[in-house]
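Structure first, then comments.
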2 protein chains.
Amino acid sequence: MTSPNYQQKSAKDYAYFEVKELIIKGELPPEEAIIEEKLATLLEISRTPLREALQRLEWEGLVSRRKNGRLEVASISTSELRELFKIRSALEGIIVVHATKKATNEDLEKLEDCVQMINLLSGSDRVDDILQYGKAFHNILYEISDLETSVRILRQLNDHIDRYRRLVPFEKTKSQKPIQSDHDLILKIMREKDLDKVASVMEEHIMKSAEIAITAVTKYESGISKRND
Amino acid sequence: MTSPNYQQKSAKDYAYFEVKELIIKGELPPEEAIIEEKLATLLEISRTPLREALQRLEWEGLVSRRKNGRLEVASISTSELRELFKIRSALEGIIVVHATKKATNEDLEKLEDCVQMINLLSGSDRVDDILQYGKAFHNILYEISDLETSVRILRQLNDHIDRYRRLVPFEKTKSQKPIQSDHDLILKIMREKDLDKVASVMEEHIMKSAEIAITAVTKYESGISKRND
DNA sequence: TTAAGTATTATTGTATACAATTATACGTTA
DNA sequence: TAACGTATAATTGTATACAATAATACTTAA
C-alpha cells in the first residue's frame with residue numbers, strides 16, 4: 001500500500017496516508033521531531049485522528065518514540081536495512097511457494113506480461129519503469145498467494161525499503177540487470193512447479209537486491225555520520 | 001510480551017495489555033462485538049486511550065473491523081494458524097542463525113539451563129512447566145539475536161498462537177516429547193556453529209509443533225462449524 | 001560568568017462534548 | 001403478515017478543553 005490510496009473517508013486514514021507519504025518521500029527526514037499540534041494544523045484536522053495515525057506509523061516503525069514520549073521520524077541504519085531484507089527474503093520465499101501452488105494460467109499470463117516488459121526495457125535508461133514492473137511482479141505474487149498476514153508484513157517492509165531508496169538513491173547500474181532477469185527465471189520455475197527451487201531462487205533474488213541497497217546506505221552512513229557526536 | 005507487563009503508566013498501555021489479555025485468555029471470545037463505551041467503562045478509563053489501544057490490537061490482528069467500522073474480537077481459523085506457524089518458522093530460523101553467531105558462553109549457559117529443566121521435567125505430567133521452559137529457550141534466542149524487527153513480529157505471532165492454545169488446548173501427549181528434545185539438539189548445533197543446519201533444524205522444530213496445533217484446531221473447527229450458516 | 005533553582009511555556013495525555021453514521025424499533029400500508 | 005419507511009437509539013468519529021508532564025527561559029546567588 002505504498003501507492004496512495006485515495007478512497008479515504010476518515011480523517012484518521014487521510015492523516016495516515018499523508019504522513020506516511022511525507023516520511024517515505026523524505027519530506028519529513030529521519031529523526032525530525034513530530035509535534036502533534038503543528039502536524040494537525042498542517043493537515044487541517046484535529047489531534048485525535050492524527051494521534052491514531054501516528055500510533056499506527058509508530059507500530060509500523062516509520063515513527064519512533066523517544067524515552068520522554070515525544071515522537072520523531074524513525075532513523076535509518078544499515079543494520080536495520082539488512083534485517084528488513086532478510087525478513088523480506090524469507091517471506092517472499094513463502095509467498096512464491098504458495099503462489100506457485102495456486103497460480104492459474106491467467107495468473108501466469110499476468111506475470112509473463114511483467115517479465116516481457118522488463119525484458120523489453122532492459123538495457124534502456126528507463127530504470128524507474130523497470131523497477132515498477134519488478135514491483136508489479138511481486139505484487140501479483142502477493143495476491144495469488146492469498147497469505148494475508150505475510151502480505152501485510154511484506155507491504156510494511158517494502159514501505160520501509162522504499163524510504164531507504166528515496167533517501168539514498170540506490171545504484172542504477174548494470175548490476176541490476178541480472179537481478180531483473182531473475183523474474184524470468186522465477187516464472188519459469190513456477191511453471192515447472194518446483195517448489196523448493198522457486199523458494200531458494202526467490203530468496204537469492206531478494207538478497208541480491210539487498211546487496212545493492214546495503215552498499216548504498218553504507219556509503220551514505222559513512223558520509224553523514226558523526227553528526228550526533 | 002504475552003506475560004503481563006505491569007510498569008504501565010499510561011491509560012493507553014494499561015488498556016492495551018488488559019484487552020490483549022482478555023482476548024488471549026478467551027474471556028473476550030472470537031467474533032465478540034467490542035463496544036468502546038462499555039469496554040472503557042469496564043476498564044474505568046475514557047474512550048480516547050482505549051481507542052488507541054484497540055487500534056494497536058487491530059493492527060496486530062487480535063481485533064478486526066467489520067465493513068461498517070465496528071470492531072470485534074478476531075476470528076480464528078486453521079488456515080490462519082498454519083500461516084502464523086509458517087512465518088514463525090522462517091523468522092525463528094533467521095533468529096537462531098544470528099543468535100548462534102553472537103552467543104557468548106554465558107548465553108549458551110542460560111540456554112543449557114532451559115534444556116536441562118526440560119529434560120528433567122520430561123516424562124513428568126508438568127506439561128505447562130515444560131512449555132514455559134520451551135518458551136524461555138526461544139525468548140533467550142530472541143534476545144541474543146538482537147534482531148529488533150524480527151523479534152517484534154515474532155512476539156506478535158506468539159501472542160496469536162497463545163490465543164489458539166487457550167481456545168483450543170493443544171494435545172499434551174507424548175507426541176510433544178520429541179519436539180521438546182529438539183531444544184537439546186539445537187543447542188548442540190549452536191555450539192558447533194553450523195549455521196545452515198541450525199536454521200533447518202529450528203524450522204523443522206517449529207513446523208512439528210505446528211502440526212499438533214493445526215490438528216487440534218481442525219478438530220475444533222469441524223466441531224463448532226456450521227454455526228454461521 | 002556559572003550553577004541552581006524557579007517560573008513560564010510547549011507538548012503530550014486524557015476526558016468530555018458533540019457530530020456523523022449506523023443499527024434498531026415501530027408503525028403504516030399494501 | 002410482509003415490506004417499506006421513518007423515528008429513535010446506539011455507536012463511532014472528531015474536535016476541543018483541560019490536566020499532567022517535560023522543556024525552556026529567566027533570575028538570582030556565589
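Chain identifiers are assigned alphabetically (A, B, ...) following the order of the sequence lines, protein sequences preceding nucleic acid strands; residue numbering begins at 1 within each chain. Note that this is a predicted model, so its numbers are computed, not measured. What's counted below: heavy atoms across the whole structure, side chains too, no hydrogens, waters or symmetry copies.
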Nucleotide N/O of nucleotides 18-25 of chain C paired with protein N/O under 3.5 Å:
from	atom 1	to	atom 2	distance (Å)
C/dA23	OP1	B/Asn68	ND2	2.5

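For B/His183, the ring-ring contact (aromatic ring centres under 6.0 Å, His included) partners at least two apart in sequence or on another chain are B/Phe137, B/His138, B/His205. A/Lys102 is linked by a side-chain hydrogen bond (donor to acceptor under 3.5 Å, both in side chains) to nothing, counting only residues two or more places apart in sequence or in another chain. The side-chain hydrogen bond (donor to acceptor under 3.5 Å, both in side chains) check on B/Arg163 picks up nothing, with sequence neighbours excluded. Applying the side-chain hydrogen bond (donor to acceptor under 3.5 Å, both in side chains) criterion to B/Glu27, with sequence neighbours excluded, gives no partner residue.
Taking atom CG of residue B/Leu50 and atom P of nucleotide C/dA15, one finds them 10 Å apart after rounding to whole Å. Atom-to-atom, CG of A/Leu71 to P of D/dA23 comes out at 13 Å; the value is rounded to the nearest Å. Rounded to a whole Å, the CD1 atom of A/Ile35 is 5 Å from the P atom of C/dT11. With rounding to whole Å, B/Leu39 atom CG is found 12 Å from D/dT11 atom P. Taking atom CG of B/Leu43 as the reference point, atom C1' of C/dT14 lies 14 Å away to the nearest angstrom. One atom, NZ of A/Lys12, and another, P of D/dT12, lie 12 Å apart when rounded to the nearest Å. Following rounding to the nearest Å, A/Gln55 (CD) and C/dT14 (C1') show an atom-to-atom distance of 13 Å. Atom P of nucleotide D/dT11 and atom CZ of B/Arg65 are separated by 15 Å, given to the nearest angstrom.
Summary of the strand contacts: B/Lys38 and A/Ala11 both lie near DNA chain D, and taking for each the nucleotide with the nearest heavy atom, the more 5' one is attributed to B/Lys38. Looking at which nucleotide of DNA chain D each of A/Thr48 and B/Ile34 is closest to, the 5′-most match is held by B/Ile34.
Using a 4.0 Å cut-off, no side-chain N or O of A/Arg51 falls inside it from OP1 or OP2 of D/dG13. For B/Ser46, a side-chain nitrogen or oxygen approaches OP1 or OP2 of C/dA15 to under 4.0 Å.
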In dot-bracket form, how is DNA chain C paired, counting a Watson-Crick or G-U wobble pair only if both its distances are under 3.5 Å and using | for bases paired to another strand? ||||||||||||||||||||||||||||||
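Using modelled atom types, no side-chain atom of A/Glu72 and backbone atom of A/Arg66 make a donor-acceptor pair closer than 3.5 Å.
Counting all heavy atoms, side chain and backbone alike, B/Ser209 lies closest to B/Phe85 at OG-CE2, 3.8 Å.
With hydrogens and angles ignored, no donor-acceptor pair under 3.5 angstrom links the side chain of A/Ser10 to the base of D/dT14.
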Walk me through it: do B/Lys101 and B/Asp146 pass the test salt bridge (Lys or Arg N to Asp or Glu O under 4.0 Å)? CA-CA 11 Å; B/Lys101 285 184 196 164; B/Asp146 200 34; over 6 Å; no
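In the set C/dT12, C/dT14, D/dG13, D/dG13 carries the atom at the smallest distance from any side-chain atom of B/Glu36.
Side-chain atoms of B/Glu80 and A/Thr149 include no donor-acceptor pair closer than 3.5 Å.
Put simply, the side chain of A/Leu111 reaches to within 4.5 Å of the side chain of A/Ile144, judged on heavy atoms.
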